[in-house]
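Sequence lines set the chain letters: A, B, ... in the order given, protein chains first and strands last, and positions in each chain run from 1.
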Amino acid sequence: MTAISAPLRRPGHWIRMPVTLRRILHHRAGRFCFVFLTLLVLVAIFAPMVAPQDPYAQDLVSAMQGPSSKHWLGTDYLGRDVLSRLVYATRIAVNAPIVAVGLAVVLGLPSGLYAGYRRGRVADLMGRVADALLSIPPIVAAIAIVAAVGSGLTTTMLAIGLVFAPRLFRIVRGATLNVAEEGYVDAAESIGSSTARVVWVHCLPNVLAPLLVQISLMMGFALLAEASLSFLGLGVQLPQASWGSMLKTAAESQFQAPFAVLPTGLCLTVTILVLNTFGDVIRDVTADRKEA
Amino acid sequence: MRSRLSHVGRRLAGAVGTVLLVSVVVFFLLQLAPGNAADIVVGEDATPQQLDIARAQLGLDRPLIVQYLNWLGGVVHGDFGDSLFTRRSVATGLWEAAPATLSITLLALLLAAVFGVAAGAAAGLGRETWVDRVVSLLATLGIAMPSFWVGLVLVSLFAFKLKWFPATGYAPISDGIGPWLSHIVLPCVALALALSAEVARQARGGVVDVMAKPYMLAARARGANGGWLVRRHVLRNAAIPVVTVFGLQAATLLGGVVVVEQVFAIPGLGSVAIAAVLRHDYPVVQAYVLMVAVVVVVINLIVDTSYGWINPKVRR
Amino acid sequence: MKSPALIQTDTVLAVDQLRLDLSGPSEQLELVQDVSFEVRAGETVALIGESGCGKSLTALAILGLLPQAVRIAGGSVVLAGEDITRASSTRLSALRGSVVGAVFQDPMSSLDPTMTVGDQIAESRRLHLGESRKTAGERAVELLDLVGISNPRARAASFPFQFSGGMQQRALIAAAVACEPRLLIADEPTTALDVTVQAEILELLEDLLGRTKMALLLVTHDLGVVAGVADRVVVMYAGQAAEQAPTDELFASPAHPYTRALLSSVPQVGRTRQPLPVIGGRVPPAGVFPDGCRFQDRCAHVVPGVCTVGPIEIRHVAVEHESRCVHASAQFGSEPSL
Amino acid sequence: SDDKKDGTSSVAPGTGKTVRWGTSTLPTTFDPATVGSATHIVYFGLIYDTLIHTDTNGVLTPMLATDWKLSSDGMSLDMTLRDGVKFQDGSTFDAKAAVSNFDYMRSDKSLVANSLAMVKSVEATGPLALKFMMSRPGGDLPGLLAGLAGMMSSPASLAAGTNATKPVGAGPFKIGTISNAKVTFTYWDGYWNAKDIVPRSVEVSFIADDAARLNALKSGQLDIAISRASQIPEAEAAGLEHFEIPAATAYAVQLNATQPGLDNPDVRRAISMAIDREGINKTLGNGICSITAQPYNDKYWAHDKTIDEKPYLKHDVAAAKALVAKNAPDLSLTILAPNITVYQHLAEVVQGDLSKIGISAKVNAIDYVDLTTRSLKGDYQMVVTLTTPGSPDPASWESKYFKLSPVSDVYLDPKIPEYLAESYLSADPKLRATAIGKATNAALEAGTNQITICVPPNTWLGAAGLTGFASNDPRHVLVK
Amino acid sequence: MNEVVESPLLTAAALTKSFRAGRNSRGTARRYVRAVDSVSLEVGKGETIGIVGESGSGKSTLGRLLTRLLPIDSGSLLFEGADVSDLKRAQLRSFRRSVQMIHQNPYGSLDPTKTAAHAMTEPLLVHNIAKKSGLVGRAEELAERVALDPRLVQRRPDQLSGGQRQRVAIARSLSLGPAVLLADEPTSALDLSTRSEILNLLLKLQLEEGLAIVLISHDFATVSHLSHYIAVMYLGRIVEQGPADRIASSCLHPYTEALLSAVPVADPAVQRTRQRIVLRGEIPSPDAIPEGCRFRLRCPKAMAECATVDPPLLQIGGGHQVACLLHTGVQTGGIP
Ligand SMILES: Nc1ncnc2c1ncn2[C@@H]1O[C@H](COP(=O)(O)OP(=O)(O)OP(=O)(O)O)[C@@H](O)[C@H]1O
Ligand SMILES: Nc1ncnc2c1ncn2[C@@H]1O[C@H](COP(=O)(O)OP(=O)(O)OP(=O)(O)O)[C@@H](O)[C@H]1O
Ligand SMILES: [Mg+2]
Ligand SMILES: [Mg+2]
Ligand code: NI
């Protein structure tokens, strides 16, 4: 049965987000992920203050050195401070997934809501197009798009976003289909709500949970994709550094400087791990709500 | 029977439609590209007349839609045109590269199926035990590591330190099973890692879900337990999400192989594609993307049909 | 209440002061407490009560199939002379399906969708009697016939989704009785079905009970069903057994105010467009059971200081009729009016 | 060198082990007239012999032509062909075959036609005698005939138009199989100059990724491969050998002098002064990149010693900064570079150096084809890449690049065309070098837009115990 | 007689609705389920019409047609004499104010992300009847009307019990002052004690506000408790229809008889004496309805004619209609 015992809440309008957030913060892993991601964003914003040195200052003489008191995480192939570059690269690690997933959301969310709620022929056609796009491997599609419009981080991430869009479309459509079966959508229609109102006021908040889960997972995947594309030479614009491009160069010289891959690799892997775990946590937390 | 045939027929028609859509997307996407196929063909020192000749030869002076239809017409007959660079038939080029890629992906699929399912099922059955924790940790880690990094680590460990496998290259199966296998083991592992992790996660989730189903309660109430329960009730039912994952991951796998082929210098489809992309060798890129899409569509078709084998409800 | 020595020989099941706790990470919740009843061979006992009062948990406890977080914290469950609260898990599996069978609420999801109906019916014979697949399969066909499914041979090879809800429940009953258990536990077997189909299933159960000496523990919340099939009724309220009586007596002279209220709130054909009596308030959820009578907040006869303190003991009202109410007395028929 | 050749002479021609060779690019065609790029000359050389042979320093020696002579006015060239040479299809090489080659080379289909534009006609004046008539003095012609333009293929295959995939030349190796990633060449026992040809076959594998190529060497899938200088330490640690083969190529910064800011010679000079050539040589060049202001290494025939004495190589950040501050404050540039690791690194260093003198720059790594297209269209500000001034001829390279931009008609110095014309008057390398040196110097004086960073040798890494590798060429290589 | 016949509020004539099968049912692809098959119905002011039938008989579909939540395939629907069967979504706004519905599942019918107050007052917002600022007050008023503790209006559904949710749903449907309330199994998900509360509430609302109620349920007892008229549906058709007491006491259709006999009565004495009519066979799949009388395969009284004649619903007096050859004979002619 329902939580009849739940105490009366103090009056005031509750929207759902803070509740989810509160639940996340009650979750042990959720708390860790949240703190980690917040820190990451802060580091990105305040990179100039956090970074000990100029990330672009080259010192060819002291290239490829291990950790020292001057360079805590050593130097790269042009003698630049790895720690500072990692800190600056956080900006890309934060930005790139947001750009990619942002585009995916912009394209996939409204269309998914529409197709899930309205069905019909247009929705079928949209589904077909999504299927077609989904049968092109993400990396391959990104490469093809980059081939068509040129490389660079923004294009690459937009390409990734474009590739994610049909995935998101499917998820949103599926969730919306479920939601549309629910009585409250009927109820909203039966009181004469416009389609737009039903979709935005009732469908959207209720597909938010799977959407957030997916966004979290996709952000992780966007980071991974950025790394892969960097490896293939389709990544950031130099002399900017991304974790992916740094890992690529470090991994290539891992025989000379075995230490070099560690800091970057860890940053990348741990962040992706956290994003994936965060997705799981959101899923758990929102599933709890349903069961309650 | 008739309904079953028409069911398959409908699926097939849908698949063909999907592929056609992909062909449209691919063809027109690459039209956005800067530079012109003719520029590329004639190279640095060409005169404008030479450029015009090349354009006419490539049919680039005709309207786009005609170009598309011509291309599609060729494709239907297995003719993807000639590479702008090697002037060899695109189909031949891809055909030559296919075995390496296929070997790697298929073996990776197999590895992922075996290890992913085993680990995932073990974790799901021993939920909240140390097995579960270890598998979950490895699975999340497997998903979070870029495959090229995994590949390079594998190379340094197994090719240089232990000298068990060659670091690069591919030996066709005609060279013998031994050389073939030794060349593809490392790339397969690098490629399979993320997939196994995903499969393990799904398998675990599937098992956990199935364990909570009322029919499990009913089966246990009949006295079924232990291995009997797992074999007869759990695995079969948990297979559905796992098979789905294979369908969904087919595309990811074929994308991942591009990176892995670069790391291990394997002359597969991915290498051909990357080279073609970098050289703006459009006919090759188009054919490649289309081919991969067809493979993905076919895999999904197989997955769809295998549902019937697992889930009798879809069988009819 | 009774020592094991006093258990009559034809007692199939004796539940004595059963207590079930939910052991969460932080807290211990008492879900079911002080539930005692017996089921004798050939008898149908109904376990009724509102949603969440612990009927299903009690049934699962008897099967040794409690959810992971819930454990038996006290009392005993003696099944065919064996205290299952002490039995090992292998022993429990051996008892399930052979000594005790079970049918659950939702027939559709209680059948494994990937296995033929015949295989599922044959499963317990293969497990407990070691029959070969073929012999057990033959027996499954007979069983399907027994539960009234036409064309049983073809139906045995079908998959659950090809059955209608009623047929699925029939098949599940066939699977549950395949090894001729001494007790069948049916947890709301007809709730998900139409009344017409419900009638069929009840008919089938009565028919089966008539043929064998099998006892039935029927979990339900439908008083009409109880009236139709049960010999004795155990009424549960908020995790406790509130009243226990032979069916006729319970309906004729309920001794617990809750039972009375429950009985009067049933809409009846013929008594139209009149306000129905209602029980005000809510069932207290587990964890916040009040001291004393658990029905006190909703009861019109609550006596402060009597109903509100200490555990209320079960009282005998008549032969085989007991009630957990301070007003219940042996003077049969002098219950306070509503 | 001789001792290496001695080491191999014990092997009968075409009986040595297969040489497995790793490269970062594969030829897209085997037709020298349509390949459009000089980078594949190595593989072409296995199939085709040229009329004239050139070594890595550009010194010309006889090959299919035994003798050639430029007329005194430079307007015609007489050539004597070698007797007894056969093509791989068995047909005979003679003046008639050569003429049909040139008919094709100078046709519309051919991409070398441009560089042969001054040739008016080619005639067979005897069975083995050839006469080239020209519209301007052709001092560069012998050099051209040592390159793609001089590769002779069988008239039959020319007529069939099949050279692209089934090339038939007069070289020591026949084409074997061609696939996406590998081309094989097998020894042809009809070769006229079989002495010292060692491998029974050559397998050229295409591995784009530098690290993967090195890995392949380390784990024994390749015998020899082109590499990055910065990979030498790792290779040495793995017990591989490394070879530095001089080449007529240079790491360079190319500026578009029609762009605002860059149109100022002082800014261009400042950029040159900003570049830390020593640092680059140390880190990226592994110390083997020769630092010079001209795009030719000091062994190359077109190298002009007098330029080395001039102060063009000054590294003076302060002065450069002052120049920029004065002439182009707030200059910000986009550097184009091929998306190949070494050029990207190079571009990054240049970017860093520019930032020190107050020029902010971004690096845009694009693929090689794009880069070529854009640079031919003049659609760039700055390019960091490897230039190939030795191909097809230094003079024609300079006449193309010592302009403000490839689409401009204006030379950096109006005298440059005169000096270059002078270099065509004679075939004598010394005389030609002097004339070219004058042009180079004039460009440098004018604040060149072709800033040479350093001139690297080709770096090759090879399996331990490899002998006979001296000149970008596998034909003398003996694999242990 | 010269009494003025008050025209009914809602009149449905020969409503029909088909679905493509395969999604919800176990039909083969491309077959059609005629979920509602020429159903005619009248709802008068202050009346309760009960609709009973087994699962899948088309009750909910009929409900959704009557509220215009589904497009009508054929037939007509009049509201206060005006045809609303062809109106587009935008034109339905005023109809929506007058015809409201309550859903079966109190857990699904409220948006889990919105408070009870939001649910109750959303109709006012949609129809521009109230300003945002006054909504909390309106919500509390509405809560009073359905006897819901006003302190609960700021809770979200997962903090409410089933009965409380159902009250919220009822309050929402009342907020626009409807003339007709369609209640699709309003109590089937509720416990016995809560069920009485909701039934009492519906009864009270009807008596006080003159609401017309269409009550859909598979529970005959519930329906007969509240209804003036009862319609019995079987496989998309109304097979019997009439005043509630007549149906309860002297039903004619064999299906109604079986249905009634199967309803468990909470009285052991009655149960012992009662003869249950157990129907033969299975309910036919709705995409393969038998020829002739659709009930004949399960009918204990089936005759030879039943296989060929599809009996129409005919008046047999006293407002009682039945579609069975036993009672109407083989007649020709349409539905009266
Ligand atoms: N797995 C579980 N974990 C925690 N609590 C549980 C679990 N299963 C049941 N409960 C709790 O135990 C109490 C009794 O549940 P039970 O399922 O026995 O009720 P019931 O009488 O069968 O109700 P219903 O009529 O709804 O089936 C409820 O409060 C329920 O919330
Ligand atoms: N949206 C739909 N698409 C396809 N078929 C449908 C749809 N809605 C209902 N049906 C079918 O129409 C028939 C009638 O369904 P309906 O829900 O009206 O029955 P019901 O009498 O309300 O049953 P229940 O008592 O189970 O609620 C069923 O066979 C059902 O499968
Ligand atoms: Mg229960
Ligand atoms: Mg319904
Ligand atoms: Ni058939």
C:Leu95 versus chain B, the contacting section by heavy-atom distance below 4.5 Å: neither
When rounded to the nearest 0.5 angstrom, what distance separates CG in C:Leu63 from CZ in B:Arg222? 12.5 Å
Sort C:Val103 into side chain, backbone, both or neither according to what part of it lies under 4.5 angstrom from a heavy atom of chain B. neither
Contact class of C:Asp106 relative to chain B, heavy atoms under 4.5 angstrom: neither
Could you check if a side-chain atom of B:Leu217 sits within less than 4.5 angstrom of a side-chain atom of C:Leu60, using non-hydrogen atoms only? yes
With chain B, the option among C:Ser124, C:Pro181, C:Ser110 that has the most non-hydrogen atom pairs under 4.5 Å is C:Ser110
Pairwise distance CG(C:Leu92) to CG(B:Asn225) - rounded to 0.5 angstrom: 9.5 Å
Heavy atoms of C:Glu123 and B:Ala219 approach each other most closely as OE1-CB, 4.5 Å
Could you report the tightest heavy-atom contact between B:Tyr215 and C:Leu111, atom names first, then the distance? CB-C, 3.5 Å
Distance, nearest 0.5 Å, that separates CZ of B:Arg232 from CG of C:Asp112: 11.5 Å
Choice from B:Gly226, B:Ala239, B:Pro214 maximising heavy atom contacts with chain C below 4.5 Å: B:Pro214
Which pair of non-hydrogen atoms, one from C:Pro113 and one from B:Asn237, has the smallest distance, and what is that distance? CG-OD1, 3.4 Å
Side chain / backbone / both / neither for C:Leu172 at chain B, heavy atoms under 4.5 Å: side chain
Heavy-atom cut-off 4.5 Å, strictly under: side chain, backbone, both or neither for C:Ala94 against chain B? neither
Is it the side chain or the backbone of C:Gln68 that comes within 4.5 Å of chain B heavy atoms, both, or neither? neither
Determine yes or no for a side-chain-to-main-chain donor-acceptor pair under 3.5 angstrom, with B:His233 supplying the side chain and C:Met115 the backbone. no
